Participant: 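The structure follows.
Not measured: the values here are computed from a predicted model. Letters A, B, ... are given to chains in the order of the sequence lines, protein chains preceding strands, and every chain is numbered from 1. Only this structure's heavy atoms are used, side chains among them; waters, hydrogens and symmetry mates stay out.
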2 protein chains.
Amino acid sequence: MTRRPKAKDSERSAQILEAADALFGEVGFDGVSVRDIAERAGVNKALVFYYYGSKDALFELVVERFYTAHADALASAFAAEGSQAERFHRMIDAYVDFIDANRNYPRLMQRQVAGGTEGLELIRKGLTPLFEWTERILSEVCPERGPLAARHFWITFSGAVINYFTYGPVLAPLWGGDPGSPQAVTERRAHLHWLVDVILDGLERESDKQE
Amino acid sequence: MTRRPKAKDSERSAQILEAADALFGEVGFDGVSVRDIAERAGVNKALVFYYYGSKDALFELVVERFYTAHADALASAFAAEGSQAERFHRMIDAYVDFIDANRNYPRLMQRQVAGGTEGLELIRKGLTPLFEWTERILSEVCPERGPLAARHFWITFSGAVINYFTYGPVLAPLWGGDPGSPQAVTERRAHLHWLVDVILDGLERESDKQE
DNA sequence: TCTTGATTGAACCGATCGGTCAAAACATCG
DNA sequence: CGATGTTTTGACCGATCGGTTCAATCAAGA
């Protein structure tokens, strides 16, 4: 076993992927040229095509990596231990921590979701498992249909988590202090926990009302 | 006073603006070429520059129109009549109705917020009044600082409203039924109202705890 | 040493982009 | 009608894009 690198796991190909990760996250698909990626990776442009075939393929790969990383990050929080509230807090924390450590992810996702109807299938592929999974857990405390169904809370919470990081930079000047600072993120986490508690309370009262 | 049209309010310039509105909203700045806009407006490409100078200027104009329309839509819900809960419900409804009637607006906004650091100042200009305004109302029921401060709820609610419309199309297949249908939107409105009630309840209990 | 795959450099392609320009077309007024 | 000022057009420009090609290097395995 020598050092001759095989395709797709050579050092150079990793550099390219890393550069693509960063640039696509920062400025989006249209804002980045293959030349930019090659330059950032310190690599010849032709090599990008040599390894990944096309700009689209490279982008898809970056997106998929993000989504599976997201799923992996959430998996660790899936343990059934603790009270219901504790479990939801853990999921929220995992979500927040992941985004906190991958600031480009929410931007990339929002951009994609809000983008045209083109890449819709790709987003769906990445988002579906996350959705179904979270929905299953939420179903324990939610009615199956109506305004309190799991899917509504899924949107509400994913919005509450993600939009904090996407809107944060915009509103920072009105904020006083950086919304991305550790203290600020901790405060946001507390807000979300409080929200979870209040909602669980409300749902419980709701089901009492039913019986 | 004859019918010689002055620049910027001629029929053609309105057609151009309309086409730009639609296309920028659908596919975003980078996804649209000036040729596309001209074609959709049924007009020569050069005329776009004749009236609006540049693609950037036209885009700014479209964005500003969206933001002021948003502010106008919310203004109608600002009346002080009714209970606190009623007033918040009214604001939510106004927000939902506006987006419901301008489906491209949330996509454009999300795309812009998640975009690079370039257009940040432009977004800020449009979003600041909306933020300050809503924050003032929220301040009646929120502590000034900490996890329950107004700004946290602003993000949470704007996310809960906006993301429903941006994520809706993506999750539609898992949903069963169109999330954009009138019934579905009504159900979402009910979800948000419930959320408002539960949160107001929680905040009240919180302030009781303090005293 | 010879072979094979990784990597580079540069030139090149067709397509598309935002933007310009000068002339045509038009409407209006004298 | 002709003069005048505006609106509209089509052709054109340079730049950039994604992608290809090909000859030249380089390193390591056989």
Participant: In whole angstrom, give the distance that lies between atom CZ of B:F59 and atom C1' of C:dG19.
Facilitator: 19 Å
Participant: Determine, for B:R145 against A:E187, whether the closest basic-nitrogen to carboxylate-oxygen distance falls under 4.0 angstrom.
Facilitator: no
Participant: Could you give the CD1-to-C1' distance, from B:I16 to D:dT8, as a whole number of Å?
Facilitator: 10 Å
Participant: Evaluate the side-chain contact (heavy atoms from CB on, under 4.5 Å) criterion for residues A:F157 and A:M91: first the C-alpha distance (whole Å), next the side-chain angles of each, then the deciding distance (0.1 Å), finally the verdict.
Facilitator: CA-CA 11 Å; A:F157 272 103; A:M91 289 195 50; over 6 Å; no
Participant: Report the distance from atom OH of B:Y52 to atom P of C:dT20, rounded to the nearest whole Å.
Facilitator: 17 Å
Participant: Would you kindly give the CZ-to-P distance between B:F49 and D:dC13, to the nearest whole Å?
Facilitator: 17 Å
Participant: Provide the closest heavy-atom pair for B:D197 versus B:A85 in the form atom of the first, atom of the second, distance.
Facilitator: OD1-CB, 4.0 Å
Participant: Please confirm whether the backbone N or O of A:V96 pairs with a side-chain atom of A:D100, one donor and one acceptor, at under 3.5 Å?
Facilitator: no
Participant: Above 12 or not: heavy atoms from other molecules or residues under 6.0 Å from CD of B:E39?
Facilitator: no
Participant: Using five pairs at either end of the helix from C:dT7-D:dA24 to C:dG30-D:dC1, determine the angle between the two local helix axes and round it to 10 degrees.
Facilitator: 20°
Participant: Nearest-Å distance, OH (A:Y51) to P (D:dG19)?
Facilitator: 18 Å
Participant: Counting only distance, no hydrogens or angles, is the base of D:dG19 paired donor-acceptor with the side chain of A:K45 under 3.5 Å?
Facilitator: yes
Participant: Taking only side-chain nitrogens and oxygens of B:Y50, does any of them come within less than 4.0 Å of OP1 or OP2 of D:dT8?
Facilitator: no
Participant: Check whether any side-chain N or O of B:N44 sits under 4.0 Å from OP1 or OP2 of D:dG10, and answer yes or no.
Facilitator: yes
Participant: Rounded to whole angstrom units, what separation is found between the CG atom of B:L47 and the C1' atom of C:dA23?
Facilitator: 16 Å
Participant: Is B:R12 near enough to D:dT8 that one of its side-chain N or O atoms lies under 4.0 angstrom from OP1 or OP2?
Facilitator: yes
Participant: From the set D:dG10, C:dG9, C:dA6, return the single nucleotide nearest to any side-chain atom of B:A46.
Facilitator: D:dG10
Participant: Can you tell me how far CG of B:D93 sits from CZ of B:R90, rounded to the nearest 0.5 angstrom?
Facilitator: 9.5 Å
Participant: Does a side-chain N or O of B:S33 approach OP1 or OP2 of C:dT16 to a distance below 4.0 Å, or not?
Facilitator: no
Participant: Please report, rounded to the nearest Å, how far the P atom of D:dG18 is from the CD atom of A:E39.
Facilitator: 13 Å
Participant: What does A:R35 touch in the nucleic acid at a heavy-atom separation under 4.0 angstrom: a base, only the sugar-phosphate, or nothing?
Facilitator: base
Participant: Specify the separation, in whole Å, of atom CG of A:D56 and atom P of D:dC17.
Facilitator: 15 Å
Participant: Quick check on A:E144: does its CD atom have over 12 non-hydrogen neighbours (other residues, nucleotides or ligands) under 6.0 Å away?
Facilitator: no
Participant: Applying a 4.0 Å non-hydrogen cut-off, can you work out what B:V48 is touching in the nucleic acid: base, sugar-phosphate, or nothing?
Facilitator: nothing
